[in-house]
Amino acid sequence: MYFVCRWREETPLSKRVVVLPDATVLDWFRRGWGCPDPEEWIDSELGGDVYGLDSIFEEARKRRLPPPESVDHLRELLREHLWVEGDDDATFIRLGRHSLRVRTDDDEVDLAYYFVDDALAAAAPDRLAFALHDTWPLPAGAAAADAIFDHGVPVRTLGMAASGPDSVFSVRLCWSPPDTSRNLDLAGALVFPGHTLPDFAAHLRTVDATDISRWPHDAQLLWAMVAPDEEDVGAALERYARLPGYDPSPASLATVGHDASHREVLRLLTPEPATGSLIRPGPHIAQVARYIDDFFGFDQWFLFDTRWAAAHPDLARSLLRYAAHWDPYDGFAPA
C-alpha cells in the first residue's frame, strides 16, 4: 500500500511517498490502534508528521475505543474523531474500500494525504502516477511528431494563433495561487492548442497585452517572463527560479506591453536562483522546482507538449489531475 502526503515537504516535488506493508487502509489503522504514542508511531511509519492524523489514535487511546472491524466502522470513527480543518461541507474525509483521501490545512497552507492500496494504484495509474513519482526530475523522453494525447481532465484552454495539431500544457503548483483563494482550491492546468514546446515562446510573446489581460495569472506571468526575441521557453522558467518569495507576482503584470512587462519581471529577479532550486529545460518538457525557504520548501512549474504527454500518458494525465482537484480519485467510483 502507498501513502502520499502533499504538503510543505523538504523535497523538490513537495510531497512524501511511503510504501507500507499493509494490504488495506483498514489493516493499517488496525495495526496502529491503541499505540501508546500516536505521534511517534505516525512519524516512524510515515516518515514524518502528518497534520492532524494522530488525533484519531489519540482519541482511540483516551476513550479506549475498540479497533474498527470494517470499512464502514472506520469511516464512522474517522468522521467522529479525525481532526480536519475547513471541512464545512463534510467532504474532506473520503474513505472507500481501496483508499483514504483527506484534505485539511495547517493554518498556513492546505494539505492532503492519501492511503491507496496496490489494487487501486494498479487499476488506475493515470490517477496516481505523478503523486507516486517522488524523484526529480520527471523523465524527458518524447513520442514521434504525429503522436496523439487525449488527457480527459478538466483544463483551462487559452487560444492564440495555432501552428499545428499539438498542444502545450502549463502546470504551476504553488502555495498562493492568484486565481483561487486557497492552494488546494485548484483551477486546473492551462492548455495552449496548436503548438509544441520548441515554438511556444516565439508565439506566446506576440500575444497582445489586451488579450493577455483576460488570461489567468499564470499565463500572464509566463508571457512576461519570456524575453523579446527569445525562442526557448525554458529560459522563462529559469527566470521563475530567480523570483523571490512564496507569491512572486509583479504588480503591473499585463497592464502594459510585453517589453515593459518583461522589464518589470527583470527588476524583481535575484542574481541567482535560491540555493536548492532545480531547473531542467528540454525540447518537450521544461520543469523547475523553485526553492522558497525552509518553511514553504518548493513550488513547481511544468511546461510540456503533446509529444511528451504521449510518451508518458499516465504521468501526464495524473499531473494534470493534480492541478485540477486535491483528490486524485474524485469522481472515480471504485476508490
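All heavy atoms count here, side chains included; hydrogens, waters and symmetry mates do not.
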Pair Arg280 + Glu238: basic N to acidic O under 4.0 Å: no
Side chains of Val71 and Leu74: does their closest heavy-atom pair fall under 4.5 Å? no
Determine, for Phe298 and Arg290, whether the Lys NZ or Arg CZ falls below 6.0 Å from the six-membered ring centre while staying within 45 degrees of the axis. no
Do Arg156 and Asp179 pass the salt bridge (charged side-chain N to carboxylate O under 4.0 Å, His left out) test, and can you show the C-alpha distance, the side-chain angles, and the key distance before you say yes or no? CA-CA 12 Å; Arg156 294 174 287 170; Asp179 297 328; 3.3 Å; yes
Hphob cluster co-occupancy, Val168 + Val226, side-chain heavy atoms under 4.5 angstrom: yes
Atom CZ in Arg127, atom OG in Ser318: separation rounded to 0.5 Å? 10.5 Å
Verdict with supporting geometry, Gln220 and Arg214, side-chain contact (heavy atoms from CB on, under 4.5 Å): CA-CA 9 Å; Gln220 297 179 16; Arg214 295 191 288 267; over 6 Å; no
Using atom types as modelled and distance alone, determine if a side-chain donor or acceptor of Thr270 lies under 3.5 Å from a backbone N or O of Pro273. no
Give a yes or no on this: more than 12 heavy atoms of other residues, nucleotides or ligands lie within 6.0 Å of atom CD of Glu10. no
Do NZ/NE/NH1/NH2 and the carboxylate oxygens of Arg205 and Glu231 come within less than 4.0 Å? yes
Is Ile279 reachable from Ile285 through a run of I, L, V, M, F, W or Y residues, each pair having side-chain heavy atoms under 4.5 Å apart? no
Evaluate whether atom OH of Tyr2 has more than 12 neighbouring non-hydrogen atoms of other residues, nucleotides or ligands under 6.0 angstrom away. no
How about Val109 and Phe295: do any of their side-chain heavy atoms sit closer than 4.5 Å? no
Salt bridge check: are Asp185 and Arg103 linked by an N-O gap of less than 4.0 Å? yes
Residues Pro244 and Pro248: closest non-hydrogen pair is O-CB, 3.8 Å
Any salt bridge between Asp27 and Arg30, counting N to O under 4.0 Å? no
Will you find, in the side chains of Asp54 and Trp41, an N or O donor that is under 3.5 Å from an N or O acceptor? no
Do other residues, nucleotides or ligands put more than 12 heavy atoms under 6.0 Å from Trp83 CH2? no
I need the Phe29 CZ to Leu78 CG distance, nearest 0.5 Å. 5.0 Å
Treat each ILVMFWY residue as a node, draw an edge where side-chain heavy atoms are under 4.5 Å apart, and state whether Leu20 and Leu53 are in one component. yes
Residues His98, Tyr329; criterion side-chain contact (heavy atoms from CB on, under 4.5 Å); working and verdict: CA-CA 11 Å; His98 299 283; Tyr329 294 102; over 6 Å; no
Looking only at heavy atoms, the pair that brings Asn183 and Trp175 closest together is CB-O, 3.5 Å
side-chain hydrogen bond (donor to acceptor under 3.5 Å, both in side chains) for Asp208 and Thr210? Distances and angles first, verdict last. CA-CA 5 Å; Asp208 185 80; Thr210 303; 2.9 Å; yes
Is the closest basic N to carboxylate O distance between Arg6 and Asp110 below 4.0 Å? no
For the atom pair CD (Glu58) and CG (Leu82), what is the distance rounded to the nearest 0.5 Å? 12.5 Å
Group every Ile, Leu, Val, Met, Phe, Trp and Tyr by side-chain heavy-atom contacts under 4.5 Å, then state whether Leu269 and Tyr246 land in the same group. no
Determine, for Lys15 against Asp134, whether the closest basic-nitrogen to carboxylate-oxygen distance falls under 4.0 angstrom. no
Salt bridge (charged side-chain N to carboxylate O under 4.0 Å, His left out) between Arg63 and Glu80: does it pass, once the steps are laid out? CA-CA 12 Å; Arg63 298 169 181 255; Glu80 181 72 21; 5.8 Å; no
Look up atom CG in Asp22 and atom CH2 in Trp28, then write down how far apart they are to the nearest 0.5 Å. 8.5 Å
If the threshold is 4.0 Å, N to carboxylate O, is there a salt bridge linking Arg31 and Glu45? yes
Applying the side chain to side chain contact (heavy atoms under 4.5 Å, CB included) criterion to Leu197, which one of Asp166, Leu303, Asp232 satisfies it? Leu303
His312 and Ala140: which non-hydrogen atoms are nearest, and at how many Å? NE2-C, 4.4 Å
Write down the atom of Ser99, the atom of Ala335, and the distance for their closest heavy-atom approach. OG-O, 2.9 Å
Side chain to side chain contact (heavy atoms under 4.5 Å, CB included) partner of Ser167, the single match among Val155, Val191, Asp305: Val191
Gap separating the CG atom of Leu120 from the CZ atom of Phe115, nearest 0.5 angstrom: 14.5 Å
Criterion salt bridge (charged side-chain N to carboxylate O under 4.0 Å, His left out) on Arg182 and Asp105, from CA distance to verdict: CA-CA 10 Å; Arg182 307 186 64 91; Asp105 74 77; 3.6 Å; yes
How far apart are the C-alpha atoms of Phe92 and Glu85, what are their side-chain angles, what is the distance that settles it, and do they pass the side-chain contact (heavy atoms from CB on, under 4.5 Å) test? CA-CA 9 Å; Phe92 284 4; Glu85 298 196 35; over 6 Å; no
If hydrophobic clusters are built by linking Ile, Leu, Val, Met, Phe, Trp and Tyr wherever their side-chain heavy atoms come under 4.5 Å apart, do Val153 and Ile148 end up in the same one? no
In Val25, Val18, Thr24, Val116, the residue satisfying side chain to side chain contact (heavy atoms under 4.5 Å, CB included) with Met1 is Val25
Are the side chains of Leu320 and Val171 in contact, using a 4.5 Å heavy-atom criterion? yes
Could you check whether Phe192 and Trp215 have their ring centres less than 6.0 Å apart? yes
Beyond-backbone contact of Leu158 with Pro216, side-chain heavy atoms, under 4.5 angstrom: yes
Begin from the C-alpha positions of Gln300 and Ser14 and carry the test side-chain hydrogen bond (donor to acceptor under 3.5 Å, both in side chains) through to its verdict. CA-CA 8 Å; Gln300 302 81 27; Ser14 301; 2.8 Å; yes
Which pair of heavy atoms, one from Pro178 and one from Arg172, lies closest together, and at what distance? CD-NH1, 4.0 Å
Tightest non-hydrogen contact, residues Trp326 and Val102, listed as CZ3-C, 3.6 Å
Please walk me through it: do Trp301 and Tyr240 pass ring pair (Phe, Tyr, Trp, His ring centres under 6.0 Å)? CA-CA 9 Å; Trp301 203 326; Tyr240 182 70; 5.0 Å; yes
What is the distance from atom CZ of Arg101 to atom OG1 of Thr91, rounded to the nearest 0.5 Å? 11.0 Å
Pair Asp330 + Arg321, salt bridge at N-O below 4.0 Å: no
Stepwise, does the ring pair (Phe, Tyr, Trp, His ring centres under 6.0 Å) test hold for Phe169 with His151? CA-CA 10 Å; Phe169 299 83; His151 56 81; 5.8 Å; yes
Yes or no on side-chain contact (heavy atoms from CB on, under 4.5 Å) for Thr104 and Tyr51, after CA distance, side-chain angles and deciding distance? CA-CA 8 Å; Thr104 184; Tyr51 188 83; 4.2 Å; yes
